[in-house]
Amino acid sequence: MSKIATLTIDGKSYEFPVVVGTENEVAIDIKSLRGVTGGVTTLDPGYKNTGSCESAITFLNGEEGILRYRGYSIEELAEKADFLEVAYLLIFGELPTKEQLDKFHNDIKAQSQVDEDIKKILDGFPKAAHPMGVMSALTSALIAFNPTSVNVDSEEEMYQAIVRIMGKFPVLTAWTYRKRAGLPLDYGDDSLGYVDNFLKMMFKKPNGEYTSNKTVVNALDKLLILHADHEQNCSTSTVRMVGSSHAGLFASLSAGINALWGPLHGGANQAVIEMLEAIKSDGGDTHKFMNKAKDKEDPFRLMGFGHRVYKNFDPRAKIIKKSADDVLSALGVQDPILDIAKGLEKEALEDSYFVDRKLYPNVDFYSGIIYRAMGIPVEMFTPMFSLGRLPGWIAQWREMRLKKEPIGRPRQVYIGENLRSFKPVDKR
Ligand code: SDX
């Protein structure tokens, strides 16, 4: 592989270094482009061909359907690790020893109290408020109650901010759900594991004891691992962009929550269930909805299908699909929309429109079916995605800050009016 790329503009040639990553990804380093060419930039809407950074956290190969966190395959981590271990791996770069993991969990537990005044902010929202809007507001509000987590420059200050948000985010997520459900807020139990404690905060009945359901705990632990990071996706790029101005960690995460909310991104897991329900109530005719998805005049898209990077099966979708069968049978849940989903997948994978465009089920296609079987309402699906993605956002923010990356500030190509003079209103 040549270490130099040559660009010729107006007959003049310019050379740029070629960067090759540890998995042989090749990039042209154009840091000097504007300077050496007198102002020429690149244009790449949606950054489909543009690398924003060098990162050592997550590796994706979209053509082969590979996903690895810090070099470990998603298949192995989903099967053998637990979510807190994976969070530690993503953030600090190595799988923790037992002592490191226990300290991390204890430091998180020590930070899992939320200021009682946060409840006043939560009470200010109407019950019908979308939980993602509530969560981005509460995450931002944490800044006011944790001022030492705002300007974090040292690794120690970052660590304290990290365990603080890892401790408080599950509480805020569970409280957001219980507020909507009209249930009293529950504080959890420090003797439980991270995921088990979250489920207790979500589902403990005010007039009953909480009993852990191992199937549900293990299924949610796996789902959170599968959602934990995904290199430079829309919401992670947002967290990096906001963090690059040295806004604090909580402010950056709040922005990431809002980016994930969109139906083209994390909001798709909610949109998938709404789509499958629509197909079911319409008589289960998947073919009609397939035609809508292929009709360019129709804005309808097959939610949970397609991906910017994966042009093969999303490896997470494969694992979640299998887990859906296991969890529903373990819970004795019959959900007709699982069969509709499988039918839709089969039909799409035999349809040239989807095959030609390499549109396969993504992480959002089956996840909602498991959340629903666990008793999680559809409007809480994207907050569950946020809970899983939290360590990935933190890891990417920390890497960007520790590498002292410059503030993000893309250029543009101006296509507006050329210089013109102001006309008084009576002359227009
Ligand atoms: C996530 O980036 C990440 O890593 C994200 C994520 C993560 O972990 O962070 O993986 C999580 O966001 C998963 C994606 C969830 N979104 C959805 O399921 C929404 C439905 N999918 C699409 O909207 C779409 O596939 C995207 C947004 C996911 C990707 O869009 P791209 O890469 O910009 O692709 P495109 O819109 O240019 O589509 C290429 C072609 C177009 O047709 P043509 O113009 O070539 O004729 O494929 C078509 C599109 O119309 N197409 C679809 C489709 N997705 C793409 N047609 C019907 N249904 C779809 N779902």
Side-chain angles (χ1 to χ4, degrees), residues 44-52 55 57-63 65-69 74 78 86 90 132 223-240 256-276 279 286 288-320 341 344-345 347-349 351-369 381-382 384-393 395-396:
D44 187 18
Y47 309 112
K48 295 191 177 189
N49 304 283
T50 298
S52 62
S55 176
I57 298 170
T58 291
F59 171 65
L60 298 189
N61 177 316
E63 284 62 39
I66 294 173
L67 170 57
R68 295 189 202 130
Y69 297 160
I74 193 65
V86 169
L90 284 166
M132 286 299 273
L223 276 172
L224 296 178
I225 288 171
L226 293 169
H227 285 81
D229 194 54
H230 216 238
E231 56 127 286
Q232 305 312 316
N233 59 83
C234 177
S235 54
T236 299
S237 298
T238 302
V239 170
R240 277 182 170 256
I257 293 167
N258 284 311
L260 188 70
W261 192 357
L264 294 187
H265 192 12
N269 59 13
Q270 174 174 345
V272 166
I273 294 296
E274 290 162 353
M275 172 185 75
L276 294 172
I279 294 171
T286 51
K288 176 177 158 187
F289 283 80
M290 288 282 293
N291 289 334
K292 278 172 64 70
K294 299 189 294 188
D295 177 0
K296 290 302 169 196
E297 299 310 309
D298 190 328
F300 174 80
R301 283 197 157 187
L302 210 54
M303 301 313 278
F305 260 78
H307 197 276
R308 172 63 56 77
V309 175
Y310 289 124
K311 300 308 171 192
N312 194 324
F313 240 94
D314 182 333
R316 302 167 297 177
K318 274 187 192 169
I319 298 169
I320 295 174
L344 206 54
E345 174 191 334
E347 195 172 339
L349 298 185
D351 183 296
S352 61
Y353 173 93
F354 288 83
V355 174
D356 295 350
R357 290 169 178 78
K358 299 184 168 52
L359 303 176
Y360 292 88
N362 60 47
V363 67
D364 293 311
F365 191 60
Y366 285 104
S367 54
I369 292 168
F381 287 2
T382 312
M384 297 306 296
F385 195 144
S386 307
L387 187 65
R389 186 52 52 90
L390 181 66
W393 284 335
Q396 299 274 351

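Bear in mind the structure is a predicted one, so any value in this text is a computation, not a measurement. Along the sequence shown, the residues carry numbers beginning at 1. Indexing begins at 1, ligand by ligand and atom by atom, following the structure's order.
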So which heavy atom in the protein is nearest atom 48 (C) of ligand 1, and how far is it from that ligand atom?
Tyr353 OH, 3.6 Å

Heavy atom of the protein closest to atom 36 (O) of ligand 1 (residue, atom name, distance)
Arg301 NH2, 3.0 Å

For Phe365, is the nearest heavy atom under 4.0 Å from an atom of ligand 1?
no

For residues Leu349 and Phe313, determine if any side-chain heavy atom of one lies less than 4.5 Å from a side-chain heavy atom of the other.
yes

To the nearest 0.5 Å, atom CG of Asn312 lies from atom CG of Asn61 at 9.0 Å

Side chains of Leu359 and Tyr353: does their closest heavy-atom pair fall under 4.5 Å?
yes

Does atom 57 (C) of ligand 1 have a protein non-hydrogen atom under 4.0 Å from it?
yes

Honestly, for Met290 the part within reach of ligand 1 (heavy atoms, under 4.0 Å) is neither

Tell me whether Lys296 has any N or O atom under 3.5 angstrom from an N or O of ligand 1.
yes

Side chain to side chain, Arg240 and Gln232, heavy atoms closer than 4.5 Å
yes

How close do Tyr310 and Arg316 get, heavy atom to heavy atom, and via which atoms?
CE1-NH2, 3.8 Å

Measuring from non-hydrogen atoms of Glu231 to any atom of ligand 1, is the shortest distance under 4.0 Å?
no

Option whose closest heavy atom lies nearest to atom 34 (O) of ligand 1, chosen from Lys48, Arg357, His307
Lys48

Checking Phe354 against Leu302 for the side chain to side chain contact (heavy atoms under 4.5 Å, CB included) test, could you report, in this order, the C-alpha distance in whole Å, the side-chain angles of both residues, the deciding distance, and whether it holds?
CA-CA 10 Å; Phe354 288 83; Leu302 210 54; 3.5 Å; yes

At a 4.0 Å threshold, what atoms of ligand 1 neighbour a non-hydrogen atom of Asn233?
2 (O), 3 (C), 4 (O), 5 (C), 9 (O)

Near Met303 (heavy-atom distance under 4.0 Å), the atoms of ligand 1 are 18 (O), 19 (C)

Could you check atom 14 (C) of ligand 1 against the protein and tell me its nearest heavy-atom contact, residue, atom and distance included?
Asn362 ND2, 3.5 Å

Considering only the protein, which heavy-atom contact is closest to atom 4 (O) of ligand 1, and what is its distance?
His230 ND1, 2.6 Å

Nearest protein heavy atom to atom 20 (C) of ligand 1, by residue and atom, and its distance?
Phe305 O, 3.4 Å

List ligand 1 atoms under 4.0 Å from Gly304, heavy atoms only on the residue side.
17 (C), 18 (O)

Pick from Ile257, Leu260, Asp364: which one makes a side chain to side chain contact (heavy atoms under 4.5 Å, CB included) with Thr382?
Leu260

Dump the intermediate steps for side chain to side chain contact (heavy atoms under 4.5 Å, CB included) on Met384 and Ser367, then the final yes or no.
CA-CA 10 Å; Met384 297 306 296; Ser367 54; over 6 Å; no

Verdict with reasoning, Met290 to Asp351, per side chain to side chain contact (heavy atoms under 4.5 Å, CB included)
CA-CA 9 Å; Met290 288 282 293; Asp351 183 296; 3.9 Å; yes

Quick note on ligand 1: atoms under 4.0 Å from a heavy atom of Arg389 include exactly 7 (C), 8 (O), 9 (O)

Would you check if Gln270 and Trp261 make a side-chain contact, meaning some heavy-atom pair closer than 4.5 Å?
no

Among protein heavy atoms, which lies nearest atom 16 (N) of ligand 1, and at what distance?
Leu264 O, 2.9 Å

Taking the inter-plane angle between the rings of His230 and His307 on a 0 to 90° scale, is it parallel (under 30°), tilted (30 to 60°) or perpendicular (over 60°)?
perpendicular

If hydrogens are left out, which of Leu359, Leu302, Asp364 has an atom nearest to atom 15 (C) of ligand 1, that is, the closest non-hydrogen atom?
Asp364

Surrounding OH of Tyr47 (heavy atoms of other residues, nucleotides or ligands, distance under 6.0 Å), is the total greater than 12?
no

Can you list the ligand 1 atoms lying under 4.0 Å from a non-hydrogen atom of Arg308?
29 (C), 31 (P), 32 (O), 33 (O)

Minimum distance, heavy atoms only, to atom 17 (C) of ligand 1: which one of Ala268, Gly306, Pro361 is it?
Ala268

Atoms of ligand 1 under 4.0 Å from any heavy atom of Ala293, numbered from 1 in the order shown, are 57 (C)

Flag side-chain contact, heavy atom, 4.5 Å: Leu390 against Leu224:
no

Among protein heavy atoms, which sits nearest to atom 12 (O) of ligand 1, and what does the distance come to when rounded to 0.1 Å?
His265 ND1, 2.8 Å

